[in-house]
Amino acid sequence: MSPLNNRTLTSYTGAAQMPQYNRADVTAGILHLGIGAFHRAHQAVYIDDILRSAPGWGILGASLRRADTRIALEPQDGLYTLAVRDGDMLQTRVIGSVLRVLDWAQNAQAILAAFADPNIRIISLTVTEKGYCRTPSGGDLDTTLPVIRDDLSGRGLRSVPGILVAGLERRRREGGGPVTVLSCDNLPDNGPTTGRVVRQFAQISNPDLVAWIDENVSFPASMVDRITPATTPADIDVINDVTGLTDTWPITTEPFSQWVIEDNFAAGRPQFEAAGVQMVSDVRPFEMMKLRILNGAHSTLAYAGSLIGYEFVAEAMDDPALSALLTQTVMNEVIPTLGLPAEELAAYWDTLLARFANKSLHHRLDQIAQDGSQKLPQRLLAPIRENLSVDRPVTGLTFGVAAWIVWIQRRRTRGLTLVDPMADQLTALIDQANGNTTDLVHLILKDSGLFEGLSPVDKFSRQVTDHAIRLSTGGGVAPV
Ligand code: CS2
């Protein structure tokens with residue numbers, strides 16, 4: 001086996017597809033913040049296609065929290081293997097679009113310098129829902145968060161809004177010119193939301209910058225989709241066996257991939273269309289469809305499936321009661337909120353059933369279950385609110401909410417860590433309920449800050465309580 005790097009690239013004759021361009025000609029046009037598995041399975045692959053005809057759009061990757069991607073990709077010259085799997089199919093391709101990976105703890109100055117570089121015309125983000133530091137109920141900057149308080153008072157620079165504001169200030173000062181900030185996270189209105197938290201942060205820390213941002217920075221919305229489980233040691237062995245290369249940081253993903261972007265770029269953009277990206281004037285319908293159908297079903301499956309004892313998405317989808325519940329919920333409670341042709345959405349769901357059933361992916365339910373407080377509002381609570389206001393059913397959606405509550409309670413009882421930015425508050429409420437599920441539901445609805453306007457609604461709290469009691473006493477999936 002040869003190590004994967006620029007040198008072995010030229011002499012390689014194995015099974016993996018290699019970059020179809022000369023990497024030496026590629027320069028960075030994109031600074032990407034949050035270079036995790038998802039970015040490398042999605043945006044970086046579209047850019048890899050684009051580089052064949054436009055070498056000025058290479059990616060400079062930055063990790064904001066962890067050094068592992070930098071440490072793994074440095075000796076590989078940024079190269080990594082993408083394995084696309086479905087059933088027995090396994091296709092491998094070496095992606096060359098990531099030129100270099102920096103990490104915030106080691107390379108903050110280099111990252112800020114990249115913000116100011118006029119060759120960087122897009123700053124893209126996959127920093128997860130919690131990275132945007134929004135208030136629990138919505139899209140404003142949460143100035144009570146310790147990380148935001150620290151950044152605003154100059155004690156630190158760690159939050160995404162803080163880093164964006166510092167980077168944009170540097171660009172303004174050094175005359176780097178207009179730039180696009182492109183959010184690629186699963187948030188409703190991710191572009192405008194990014195623009196809002198950035199402006200709100202700047203309004204407090206550097207009010208002069210706001211007018212410059214208004215004139216020079218665009219924040220297009222985008223919808224991104226590709227199921228990408230965390231890579232396991234077993235995946236690494238299988239992939240390296242196929243390619244004959246030693247890659248310590250490959251990715252496994254599914255054949256399906258979709259990227260829809262609002263065509264609003266302040267400093268030019270690559271010919272995304274040539275790589276299969278859909279450029280549109282309004283991303284909202286795509287975004288709502290994906291968040292509420294795919295991500296909503298994923299979250300319900302993650303909590304309910306874990307409670308029943310499943311580990312992986314495909315395994316939980318084999319449970320007839322669970323998959324029937326999801327289908328009923330999508331058909332009766334989610335599709336009516338979307339205002340798109342019902343047949344089109346039903347076909348989308350059919351495709352999803354096949355994607356969720358992909359057994360070669362090993363997509364762990366507990367990966368999806370993380371950060372529930374950041375995901376539930378747009379995935380389950382928004383459609384619940386809309387349905388309640390027009391008297392449509394919410395039984396399946398409230399089942400998902402109840403499954404989350406019982407799941408966090410169970411993690412606490414079993415002494416397992418709760419990965420969620422609200423873990424401390426939620427744990428305090430769980431302890432206060434002292435094992436009583438009805439009390440816990442009541443406390444979470446009333447005091448977590450996530451259920452504004454919903455907690456006093458009788459129908460809502462009754463359904464969540466009934467489902468939660470059933471789930472916590474081993475009653476399994478409720479019929480809807
Ligand atoms: C998942 C998503 O972990 C999660 O919350 O729902 O990461 C999902 O796999 C992607 O959005 C698919 O595009």
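Keep in mind it's a predicted model, so treat the numbers as computed, not measured. Counting convention: from 1, in listed order, for ligands and their atoms alike.
- Geometrically, ligand 1 and Asp225 share a nitrogen or oxygen pair separated by less than 3.5 Å.
- Between Asp140 and the choices Arg134, Arg199, Arg196, the salt bridge (Lys or Arg N to Asp or Glu O under 4.0 Å) rule is met once, by Arg196.
- Among Ile120, Ile59, Leu102, the one residue that satisfies the side chain to side chain contact (heavy atoms under 4.5 Å, CB included) test with Leu31 is Ile120.
- Cation-pi geometry between Arg226 and Trp259 is not met at under 6.0 angstrom from the ring centre and within 45 degrees of the axis.
- Ligand 1 has an N or O atom lying under 3.5 Å from an N or O atom of Arg226, backbone or side chain.
- Ring orientation note: the planes of His363 and His298 are nearly perpendicular, at an angle over 60° on the 30°/60° scale.
- Between the choices His298, Lys375, Lys290, the shortest heavy-atom distance to atom 11 (O) of ligand 1 belongs to Lys290.
- Counting heavy atoms under 4.0 Å from ligand 1, residue Asn186 touches it through the side chain alone.
- Under a 4.0 Å criterion applied to the non-hydrogen atoms of Asn295, ligand 1 contributes the atoms 1 (C), 2 (C), 6 (O), 8 (C), 10 (C), 11 (O).
- The residue Arg355 has no part lying near ligand 1, judged by heavy-atom distances below 4.0 Å.
- Partner Arg412 forms a side chain to side chain contact (heavy atoms under 4.5 Å, CB included) with one of Leu418, Leu426, Leu429, Ile430 and no other, that one being Ile430.
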